[in-house]
J.: 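This is the structure, below, for whatever I ask next.
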Amino acid sequence: MAITYEPIATTTLGSALSTISFTSISGSYTDLILVFVGAQTNNAQGDLQFRFNSDTGSNYSRTILSGNGTTASSNRSSSVTFFRGEATSYPDTVDGGTVQILQLMDYSNTTTYKTVLFRGNSAASGTDATVGLWRSTSAITAIECYIDTGTLKSGSMFTLYGVLAA
């Protein structure tokens, strides 16, 4: 079976922003993949954070594995109000920035909690892999992405893909 990624929406920031949202997401795909390529305006070590369907309740958890070529670490957070993808210390230029990928499996299923995978890299801090859970049986129809410290630089780009078959 061929897996087909279909671009749903792309946003290139025309100015520095701290938040971007994708709304009215169709339920016609098996998975969603959100790709971020860019940088932040300062070296404040901000992380991308995500909320689904405007849910600000303590319904998110994550386990992260990190490595920088010298040191490996792990961390776990549960019953928090957002999902965080960690790839801190984004470089100061968009061209040399970070690539981060958020994957939402079976996002439109209304009988199970949603599994989230996140992969990120940063020239300054290394590579991260995160698995998370959104404890809701609601289909995901909106994704809010925001940075916890600073802003994302003009020229940074988000692309949301729908996976037609997984």
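As the structure is a prediction and not an experimental result, all values here were calculated from the model. Residue indices begin at 1 and follow the sequence shown.
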J.: Please check if Tyr146 and Val37 belong to a single hydrophobic cluster, counting links between Ile, Leu, Val, Met, Phe, Trp and Tyr side chain heavy atoms closer than 4.5 Å.
T.: no

J.: May I have the step-by-step check of side chain to side chain contact (heavy atoms under 4.5 Å, CB included) for Leu34 and Thr159, ending in yes or no?
T.: CA-CA 6 Å; Leu34 180 62; Thr159 303; 6.0 Å; no

J.: Between Lys153 and Thr151, is there a donor-acceptor pair closer than 3.5 Å when you use the side chain of the first and the backbone of the second?
T.: no

J.: Would you compute the distance between atom CG of Asn59 and atom CZ of Phe82 and round it to the nearest 0.5 angstrom?
T.: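 The CG atom of Asn59 sits 13.0 Å away from the CZ atom of Phe82.
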
J.: Answer whether the closest heavy-atom distance between the side chains of Asp47 and Ile147 falls below 4.5 Å.
T.: no

J.: With Gln103, which residues qualify under side-chain hydrogen bond (donor to acceptor under 3.5 Å, both in side chains), at least two apart?
T.: Asp31

J.: Tell me, do Val131 and Arg62 make a side-chain contact under 4.5 Å, heavy atoms counted?
T.: no

J.: Name all residues meeting the side-chain contact (heavy atoms from CB on, under 4.5 Å) criterion together with Leu65; count only those two or more places apart in sequence or in a different chain, and write none if there are none.
T.: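 With neighbours one apart ignored, the set is Ser74.
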
J.: Donor-acceptor pairs under 3.5 angstrom involving side-chain atoms of residues 11-19: please list them, not counting sequence neighbours.
T.:
none

J.: For Tyr161, which residues count as a side-chain hydrogen bond (donor to acceptor under 3.5 Å, both in side chains) partner, sequence neighbours excluded?
T.: none

J.: Just jot down the side-chain contact (heavy atoms from CB on, under 4.5 Å) partners of Ala9, sequence neighbours excluded, or say none.
T.: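 Once residues adjacent in sequence are excluded, the partners of Ala9 under the side-chain contact (heavy atoms from CB on, under 4.5 Å) criterion are Phe22.
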
J.: Considering only heavy atoms from C-beta outward, does the side chain of Ser61 approach that of Arg135 to under 4.5 Å?
T.: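 A side-chain contact exists here, since the closest heavy-atom pair is under 4.5 Å.
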
J.: Would you please test Ile140 and Asn53 for side chain to side chain contact (heavy atoms under 4.5 Å, CB included) and show each step?
T.: CA-CA 6 Å; Ile140 295 174; Asn53 297 357; 4.2 Å; yes

J.: State, with a plain yes or no, whether a side-chain heavy atom of Gln100 is found less than 4.5 Å away from one of Leu102.
T.: no

J.: Are Met105 and Leu117 side-chain neighbours, meaning at least one heavy-atom pair lies under 4.5 Å?
T.: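 The answer is yes; the side chains approach within 4.5 Å.
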
J.: Measuring from Glu6:CD to Leu164:CG, what's the distance to the nearest 0.5 Å?
T.: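 Reported to 0.5 Å precision, the distance equals 5.0 Å.
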
J.: Evaluate the side-chain proximity of Ile143 to Ile25: yes if any heavy-atom separation is below 4.5 Å, no if none is.
T.: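 Touching, per the 4.5 Å side-chain cut-off.
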
J.: Applying side-chain contact (heavy atoms from CB on, under 4.5 Å), name anything that partners Ser136, two or more places apart in sequence or on another chain.
T.: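 Applying side-chain contact (heavy atoms from CB on, under 4.5 Å) to Ser136 gives Trp134, Ser138.
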
J.: Mind checking whether Leu104 and Phe50 sit in one hydrophobic cluster, side chains of I, L, V, M, F, W, Y counted as touching below 4.5 Å?
T.: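 Same cluster: Leu104 reaches Phe50 through Ile, Leu, Val, Met, Phe, Trp or Tyr contacts under 4.5 Å.
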
J.: Please name all residues satisfying side-chain hydrogen bond (donor to acceptor under 3.5 Å, both in side chains) with Ser58, sequence neighbours left out, ordered by chain then number.
T.: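 Ser58 satisfies side-chain hydrogen bond (donor to acceptor under 3.5 Å, both in side chains) with no residue once adjacent residues are dropped.
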
J.: State which residues pass ring pair (Phe, Tyr, Trp, His ring centres under 6.0 Å) with Phe158; sequence neighbours excluded, sorted by chain then number.
T.: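 Scan of Phe158 (ring pair (Phe, Tyr, Trp, His ring centres under 6.0 Å), adjacent residues dropped) gives Phe36.
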
J.: Looking at Tyr29 and Val163, what are the two nearest heavy atoms and their distance?
T.: CB-O, 3.3 Å

J.: Rounded to the nearest 0.5 Å, what separation is found between the CD atom of Glu144 and the OG1 atom of Thr23?
T.: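 One gets 11.5 Å once the value is rounded to the nearest 0.5 Å.
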
J.: Any heavy-atom pair between the side chains of Asn75 and Thr63 that's under 4.5 Å?
T.: no

J.: Evaluate side chain to side chain contact (heavy atoms under 4.5 Å, CB included) for Arg51 paired with Thr56, printing each intermediate quantity in order.
T.: CA-CA 7 Å; Arg51 286 195 174 114; Thr56 59; 3.8 Å; yes

J.: Would you mind reporting whether Leu48 and Asp148 have side-chain heavy atoms less than 4.5 Å apart?
T.: no

J.: Of all residues at least two apart in sequence or in a different chain, which pass the side-chain contact (heavy atoms from CB on, under 4.5 Å) check with Ser73?
T.: Ser66

J.: Applying side-chain hydrogen bond (donor to acceptor under 3.5 Å, both in side chains), can you list everything that pairs with Thr111, at least two apart in sequence or on another chain?
T.: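 With neighbours one apart ignored, the set is Asn109.
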
J.: Output, in order, the C-alpha distance, side-chain angles, deciding distance and verdict of side-chain hydrogen bond (donor to acceptor under 3.5 Å, both in side chains) for Ser28 and Ser26.
T.: CA-CA 6 Å; Ser28 60; Ser26 164; 2.8 Å; yes

J.: Between Thr10, Leu160, Ile101, which is the residue that forms a side-chain contact (heavy atoms from CB on, under 4.5 Å) with Val35?
T.: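 So, applying the side-chain contact (heavy atoms from CB on, under 4.5 Å) to Val35 and each of Thr10, Leu160, Ile101, only Ile101 qualifies.
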
J.: With ILVMFWY side chains joined below 4.5 Å, transitively, what does Leu133's cluster contain besides itself?
T.: Tyr113

J.: Check Asp55 against Tyr60 and note the closest heavy-atom contact, atom names and distance.
T.: O-OH, 2.9 Å

J.: Looking at every heavy atom in both Ser108 and Gly27, which two are closest together, and how far apart are they?
T.: OG-O, 3.4 Å

